[in-house]
There are 2 protein chains.
Amino acid sequence: MQPSNSLREQIIAQYDAMSAQLQQAARYVLEHPEEVALVSMREVARLAGVQPATMTRLAKYLGLPGYDELRAQHAAALRQGGDGFAAKVRQRVDEGSERGASDTASHMLQGLSAQLAKLCEPDSLRRLEATADRLRSARKVYVLGLRSSHAVAWHFHYVMTLLGERSVHLDGPGGTGGDALIRATPEDVMLVISIKPYATGTMELAQLAKEQGVGIVSITDSEVSPLVALSEQAVFCPTESDSFFHTLTPALAVSEVLCSLLAEFDRPKTLEALQQADEHLLQLNTYSEAIPRRQ
Amino acid sequence: MQPSNSLREQIIAQYDAMSAQLQQAARYVLEHPEEVALVSMREVARLAGVQPATMTRLAKYLGLPGYDELRAQHAAALRQGGDGFAAKVRQRVDEGSERGASDTASHMLQGLSAQLAKLCEPDSLRRLEATADRLRSARKVYVLGLRSSHAVAWHFHYVMTLLGERSVHLDGPGGTGGDALIRATPEDVMLVISIKPYATGTMELAQLAKEQGVGIVSITDSEVSPLVALSEQAVFCPTESDSFFHTLTPALAVSEVLCSLLAEFDRPKTLEALQQADEHLLQLNTYSEAIPRRQ
DNA sequence: TATAGTGTGAAACACATGGATCATTATTTC
DNA sequence: GAAATAATGATCCATGTGTTTCACACTATA
């Protein structure tokens with residue numbers, strides 16, 4: 001499904017030498033070849049977040065006479081790919097039979113995909129919404145997730161930090177993670193993430209918080225999780241995988257959805273917060289587009 | 001590869017009742033659905049040997065608001081078929097969006113599900129395997145992921161720690177994260193995780209490691225990511241979501257698959273390591289099945 | 001044969017498209 | 001720090017777009 005492979009490779013090869021805007025355009029073209037073939041240049045430009053003129057410039061930069069040629073090549077590739085569907089599936093089957101590791105990987109990914117799809121069931125959605133609502137009403141959100149759930153907790157907190165200032169991550173060096181709860185009030189909510197086996201530390205802190213009147217909501221793996229008894233709201237996510245360990249991918253997805261729901265609730269404020277974050281990070285030179293020069 | 005089957009069937013059903021010109025247009029549309037999606041109406045009309053107005057009339061005859069809708073449906077069909085394997089899943093997304101338009105959460109989850117399914121394409125699987133192989137051959141594995149990628153890096157490291165002792169997480173308080181590289185050798189490999197925007201610190205550390213002869217493999221978001229130039233192997237994962245921020249769910253899934261492939265490689269050793277970990281954590285009272293009693 | 005009704009083609013339209021130009025702004029380079 | 005150069009954004013233009021309108025031709029019925 002690539003436009004005339006050589007063109008695609010050419011874009012990749014010349015990418016590093018392009019200007020920022022050109023790179024942004026090129027990246028979109030690489031990642032959405034179908035759109036290039038199917039919609040107008042102006043629309044592609046809009047989707048890519050660049051000026052229409054930039055798309056023309058990209059085409060010229062690649063040595064093509066104009067944007068029309070760029071689209072023509074993508075269209076040709078799409079025409080081909082459409083019919084070659086059966087061939088592709090066959091290729092996949094062949095390779096699968098050759099190698100075992102691919103099977104493992106593919107099987108696992110398909111399983112995860114199915115698990116996420118399953119989270120769309122009405123009951124899950126209802127729980128997601130209710131949890132988001134509860135978080136929304138909080139003055140502060142304390143985020144707690146130890147051991148395997150640390151990744152999810154941290155990521156939720158990270159995104160919430162970009163979105164505003166209400167999130168407090170209950171973790172830290174030297175075992176001081178719980179100290180932030182010192183000034184917790186009933187106006188606050190704690191998001192607890194834990195899957196089986198449930199970390200003792202998580203349970204203890206959660207219960208302590210509850211005794212302080214803090215509302216508890218949780219992301220956990222079962223209706224019989226000990227967290228359920230503590231929580232006002234809970235979202236359940238599958239953790240089974242055919243590997244040796246439990247998967248956290250659905251839990252992370254759930255946390256991202258929660259972030260999204262919270263962000264969506266007050267779009268103007270979200271946008272403002274993101275812009276602030278952008279400026280801050282820009283001043284700190286946090287991000288770079290290329291490999292930085294060192295000496 | 002048919003436009004929204006129902007539309008196609010509708011054309012067939014109404015075909016007999018059409019006038020001669022309309023039939024000629026309809027026949028061409030049925031036989032060349034890709035062209036309808038890819039070229040202008042006037043061009044389709046020319047190819048079909050009818051007047052431009054006839055194409056408009058055909059669309060209206062089918063109950064559509066105009067020709068644009070006819071093309072849009074063909075384009076949607078082509079988009080699905082184009083990516084081949086993920087088509088089935090994608091269709092579910094479309095159907096889903098029809099049903100509950102207001103349901104952000106459901107839409108987002110289905111999108112993520114589709115992205116994971118897409119990772120099963122042969123190219124991705126090949127890259128996953130190659131990356132796992134490279135990691136397997138390493139004496140030590142340094143794991144680097146800053147900012148948003150921290151969650152993925154940490155989780156990979158955490159699982160690897162349960163599986164053995166080869167993993168070193170390049171992070172730590174007080175900005176000492178990179179210090180672990182002091183004794184890195186060419187026998188080691190660094191797993192770098194970074195998505196756009198790429199953290200400067202990540203790029204610098206990765207390049208430093210490379211200069212020390214450490215092999216680099218990466219999980220990143222594009223073929224034109226600056227990490228690709230540094231890496232022996234790279235796995236690409238989508239990060240787009242319809243929320244304000246990029247999603248890390250596919251990246252986490254990829255890291256879990258990598259862990260799984262590594263674990264699978266030497267099952268006996270893996271099992272032994274896991275048992276060791278179990279015993280250790282048991283002695284520390286790390287986990288509890290119920291809400292612990294406190295006083 | 002006259003006539004109402006339908007199908008068809010040609011032209012006109014309002015608008016969106018890709019491309020080009022030029023002023024302004026960043027970024028180098030000296 | 002100034003000059004030169006490249007990159008970017010805004011505007012304009014000729015062309016192509018989908019649609020509508022209207023006149024004409026054809027058909028079927030009385």
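Note on naming: letters A, B, ... go to the chains in the order of the sequence lines (proteins, then strands), and numbering restarts at 1 for each one.
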Q: Between the protein and nucleotides 8-11 of chain D, which nitrogen or oxygen pairs come in under 3.5 angstrom?
A:
residue	atom	partner	partner atom	Å
D:dT8	OP1	A:Ala20	N	3.4
D:dT8	OP1	A:Gln21	N	3.0
D:dT8	OP2	A:Ser19	OG	2.3
D:dG9	OP2	A:Gln21	OE1	3.2
D:dG9	N7	A:Arg57	NH1	3.4
D:dG9	O6	A:Arg57	NH2	2.5
D:dA10	OP2	A:Gln51	NE2	2.6

Q: Report the distance from atom CD of A:Glu43 to atom C1' of C:dA16, rounded to the nearest whole Å.
A: 12 Å
Q: When you measure from the side chain of B:Ser113 to the backbone of B:Leu109, do you find a donor-acceptor pair of N or O atoms at a distance under 3.5 Å?
A: no
Q: Apply the test side chain to side chain contact (heavy atoms under 4.5 Å, CB included) to residues A:Met55 and A:Arg42: give CA-CA distance (whole Å), side-chain angles for both, the deciding distance (0.1 Å), then the verdict.
A: CA-CA 8 Å; A:Met55 298 309 297; A:Arg42 288 176 124 92; over 6 Å; no
Q: When you measure from every atom of DNA chain D, which of residues 65-72 of chain A have a heavy atom less than 4.0 Å away?
A: none
Q: Quick one: list whatever passes salt bridge (Lys or Arg N to Asp or Glu O under 4.0 Å) with A:Glu129, sequence neighbours left out.
A: none
Q: Given atom OH of A:Tyr61 and atom C1' of D:dA6, what is their separation to the nearest angstrom?
A: 12 Å
Q: Against B:Tyr142, only a single residue in B:Met190, B:His169, B:His157 fulfils side chain to side chain contact (heavy atoms under 4.5 Å, CB included); can you say which?
A: B:Met190
Q: Compare every heavy atom of B:Ser222 with every heavy atom of B:Val228, then report the nearest pair and how far apart it is.
A: CG2-O, 3.6 Å
Q: To the nearest Å, how far apart are B:Leu58 CG and C:dT8 P?
A: 12 Å
Q: Which pair of heavy atoms, one from A:Val44 and one from A:Val39, lies closest together, and at what distance?
A: CG2-CG2, 3.4 Å
Q: Take the protein atom CG of A:Leu64 and the nucleotide atom C1' of C:dG18, then report the distance between them rounded to whole Å.
A: 14 Å
Q: Counting only N and O atoms by type, is there a donor-acceptor contact under 3.5 Å from the side chain of A:Gln21 to the main-chain atoms of A:Val50?
A: no
Q: Establish, from distance only, whether the side-chain atoms of B:Thr249 and A:Glu256 form a donor-acceptor pair under 3.5 Å.
A: yes
Q: B:Ser40 has a side chain; which of D:dT17, D:dT19, C:dT17 sits nearest to it?
A: D:dT17
Q: Would you kindly compare B:Lys60 and A:Met18 by the position of their nearest DNA chain D nucleotide and give the one closer to the 5′ end?
A: A:Met18
